[in-house]
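Quick note: numbers below take in every heavy atom, side chains included, and nothing from hydrogens, waters or symmetry partners.
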Amino acid sequence: MSTTRRTIGGAVPASTRVAQTSRDAPARSAASSWRADFPLLAANPSLHYLDSAATSQKPSAVLDAIRSYYEHDNANPHRGAYALSVRATERYHEARVAVARFVGLRDADCLIFTRGTTEALNLVATAWGRTNVQRGDEIVVTAMEHHANFVPWQQLALGVGAQLHIVPLTSDGRIDQERLASLLSAKTRIVAFPHVSNALGTINPVREIAALARQHTSALIVCDGAQGAPHMPVDFDALGVDFYAFSGHKMCGPMGIGALLGKRSLLEAMPPYQMGGDMIEVVGDFATTWNALPHKFEAGTPNVADAVGLAAAVAYLEKIGMDEVSHHERALVALADARLRAMSGVVIHGPRPEHRSGVVSFTVDGIHPHDLATILDERGVCIRAGHHCAQPLMRRLDVAATARASFYVYNDESDVEALCEGVVAAQQVFGDDAA
């Protein structure tokens, strides 16, 4: 297999060729320069990394920021009465402000740093849900949820005696808004849905869904933004949702850091999620009062270095421009979709490319996704195979698993070519086995 990273527009059959505009050309050339910013990829030019929906690679700017923090500013923040601790506190605060600005949150104190999307959603389900959801209430989720935005609500419903409703999908893998509206009532306490499906790539109209929910109910609206924030502009204050959660490691940042965005009135009314240092105001012998936001929800020593790394990641993405990130990914998705659809025995799951973010989820007749991923790995192509933490969705697709290729700023057309060549090779292997 060729390891040269090149454009492959001429190799696409005329019937499936994606239109190449003048705007596409800079994106293709830019991808090579962006790839050079990522040490792991720059050191492995023959590697075709197509698993960014699971975790992205990290640019030098992020790695340098983390190292610089530990070399120059490391101390426990907030309570140290010495200059180094003050500097660590300032770095942590600056990181919060930078990340809040990136996602359109004007009140930076309403950005709670967490370990990631999973912890952020569990925080809401526990701190708000256990306080406000009662027996007989209803919780509405969708059939495309990642387990992190499904299991906490399922378990909350089971624990308090509430009813869980699951909104079905349309035949092309989008939220059925008519069915959603039919499930909403005065009993609905929570409506939870993803900004982007991690398994299908479906981009959901967040403002539209939030407005629909507001028309029918006063429920809490929670959006899983794990696959949204890394790939497109986000303006939390304009989305119309109450909470929005995302992870740093999917958007060029380090693992172990993410955020929950929330409305101040809700966060101030909620009890703490964890107890310990820094989240308290006064600890008496028999009662305790809580610290102000955001500290009330950040018990213990904060993860300052990774917050600094996340701030460096959003600065890197801002330099590219989130509109450009989205355009670049969706052009690659359209190309991969066209190439794969042209192949015999390949089924694409999810909507047309114009309704998808940087994900192509597919199955190949006669080849289990795990076997396909193994053969692709032998050719230097990294994809994800499995249920993608979305077992309820897999049941509705009537498949045990899918193969998922996911794209980011450092990918280009040569990655699409390597993917498609690998699928053909796998078909040949299994065809020979069958013979």
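Side-chain atoms of E145 come within 3.5 Å of backbone N or O of T142 as a donor-acceptor pair. At distances below 3.5 Å, at least one donor-acceptor pair connects side-chain atoms of T131 with backbone N or O atoms of A127. No side-chain donor-acceptor contact under 3.5 Å links T188 to the backbone of L184. For the pair N122 (side chain) and P152 (backbone), a donor-acceptor distance under 3.5 Å is absent. In this structure a side-chain-to-backbone donor-acceptor pair under 3.5 Å is present from S361 to A199. With hydrogens and angles disregarded, a donor-acceptor distance shorter than 3.5 Å links the side chain of R330 to the backbone of E354. No donor-acceptor pair closer than 3.5 Å links the side chain of D306 to the backbone N or O of G309. Counting only distance, with no hydrogens or angles, the side chain of Q155 and the backbone of V151 share no donor-acceptor pair below 3.5 Å. With hydrogens and angles ignored, the 3.5 Å screen pairs no side-chain donor or acceptor of T89 with any backbone N or O of P77. R379 places no side-chain N or O within 3.5 Å of a backbone atom of I375 that could act as its donor or acceptor partner.
Residue N411 holds its CG atom at 11.0 Å from CH2 of W34, rounded to the nearest 0.5 Å. Expressed to the nearest 0.5 Å, how far CD of E90 lies from NE2 of H93 amounts to 9.0 Å. In this structure, CG in L183 is found 9.5 Å from CD in Q163, a value given to the nearest 0.5 Å. Distance check: T202 OG1 to H355 NE2 gives 9.5 Å after rounding to the nearest 0.5 Å. Rounding to the nearest 0.5 angstrom, the gap separating the CD atom in E178 from the CG atom in L212 is 10.0 Å. Distance check: N149 CG to T118 OG1 gives 9.5 Å after rounding to the nearest 0.5 Å.
Within 6.0 Å of the CZ atom in R264, the count of heavy atoms belonging to other residues, nucleotides or ligands exceeds 12. For R115, the CZ atom counts as loosely surrounded, since its 6.0 Å shell holds 12 or fewer non-hydrogen atoms of other residues, nucleotides or ligands.
Counted by atom type alone, E138 and S185 present one or more donor-acceptor pairs between their side chains at under 3.5 Å. For the residue pair D278 / H78, a side-chain donor-acceptor distance below 3.5 Å is found, with atom types taken as modelled.
Counting all heavy atoms, side chain and backbone alike, L419 lies closest to A405 at CD2-CB, 3.8 Å. Here the shortest heavy-atom pairing between A385 and A373 reads CB-CB, 3.8 Å. Closest non-hydrogen pair, K250 versus Q227, comes out as CD-NE2, 3.7 Å. A pairwise comparison of heavy atoms in A403 and I383 identifies CB-CD1, 3.8 Å as the closest pair. Closest approach of D415 and Y410 over heavy atoms only: OD2-O, 4.3 Å. The two atoms that bring E268 and K296 nearest to each other are O-NZ, 2.9 Å, heavy atoms only.
Remark: aromatic rings of H146 and H388 are distant, center separation not under 6.0 Å. Less than 6.0 angstrom separates the ring centroid of Y408 from the ring centroid of H231. Between F113 and Y92, the distance from one ring center to the other falls under 6.0 angstrom. The aromatic ring centroids of H295 and W290 lie 6.0 Å or more from each other.
L169 places none of its side-chain heavy atoms less than 4.5 Å from the side chain of R174. Residues F243 and L261 form no side-chain contact, since every pair of their non-hydrogen atoms from C-beta on lies 4.5 Å or further apart. Counting only heavy atoms from C-beta outward, the side chains of Q177 and V167 never approach each other to under 4.5 Å. At least one side-chain heavy atom of M251 sits under 4.5 Å from a side-chain heavy atom of V314. Using a 4.5 Å cut-off on side-chain heavy atoms (C-beta onward), V423 and C420 make no contact. With contacts defined as side-chain heavy-atom distances shorter than 4.5 Å, the pair T402/F362 does not qualify. Side-chain contact check for P194 versus N204: some heavy-atom pair is nearer than 4.5 Å. At a threshold of 4.5 Å between non-hydrogen side-chain atoms, the residues F246 and T114 do not count as touching.
Between E298 and R96 there is a salt bridge, since at least one side-chain N of the basic residue sits less than 4.0 Å from a carboxylate O of the acidic one. The existence of a salt bridge linking D337 and R356 is confirmed by a sub-4.0 Å separation between a basic side-chain nitrogen and an acidic carboxylate oxygen. Using a cutoff of 4.0 Å between basic side-chain nitrogens and carboxylate oxygens, R384 and D51 are scored as salt-bridged.
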Stepwise side-chain hydrogen bond (donor to acceptor under 3.5 Å, both in side chains) test for D37 and Y316 | CA-CA 10 Å; D37 294 336; Y316 178 82; 2.8 Å; yes

Taking it one step at a time, do T117 and S247 satisfy side-chain hydrogen bond (donor to acceptor under 3.5 Å, both in side chains)?
-> CA-CA 5 Å; T117 305; S247 299; 2.6 Å; yes

Could you go step by step and tell me if K187 and D137 meet the salt bridge (Lys or Arg N to Asp or Glu O under 4.0 Å) rule?
-> CA-CA 5 Å; K187 294 182 178 181; D137 287 341; over 6 Å; no

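Residues that satisfy the side-chain contact (heavy atoms from CB on, under 4.5 Å) test with T374, not counting sequence neighbours, are E378. Residues forming a ring pair (Phe, Tyr, Trp, His ring centres under 6.0 Å) with F102 (at least two apart in sequence, or on another chain): none. Scanning for side-chain contact (heavy atoms from CB on, under 4.5 Å) contacts around K319 gives an empty result, with sequence neighbours left out. Every residue meeting the side-chain contact (heavy atoms from CB on, under 4.5 Å) condition with H72, not counting sequence neighbours, appears here in chain and number order: S68. For L397, the side-chain contact (heavy atoms from CB on, under 4.5 Å) partners two or more places apart in sequence, or in a different chain, are L200, H349, L393, M394, V399.
Legend: salt bridge (Lys or Arg N to Asp or Glu O under 4.0 Å) pairs involving residues 199-224, not counting sequence neighbours, sorted by first then second residue: R214-D242.
When R339, R341, Q427 are each tested for a side-chain contact (heavy atoms from CB on, under 4.5 Å) with V346, only one passes: Q427.
Figure legend: R35 and F38 shown without cation-pi pairing, the cationic atom not lying both under 6.0 angstrom from the six-membered ring centre and within 45 degrees of its axis.
Under the 30°/60° scheme for interplanar angles, the aromatic rings of H147 and H387 are found to be tilted.
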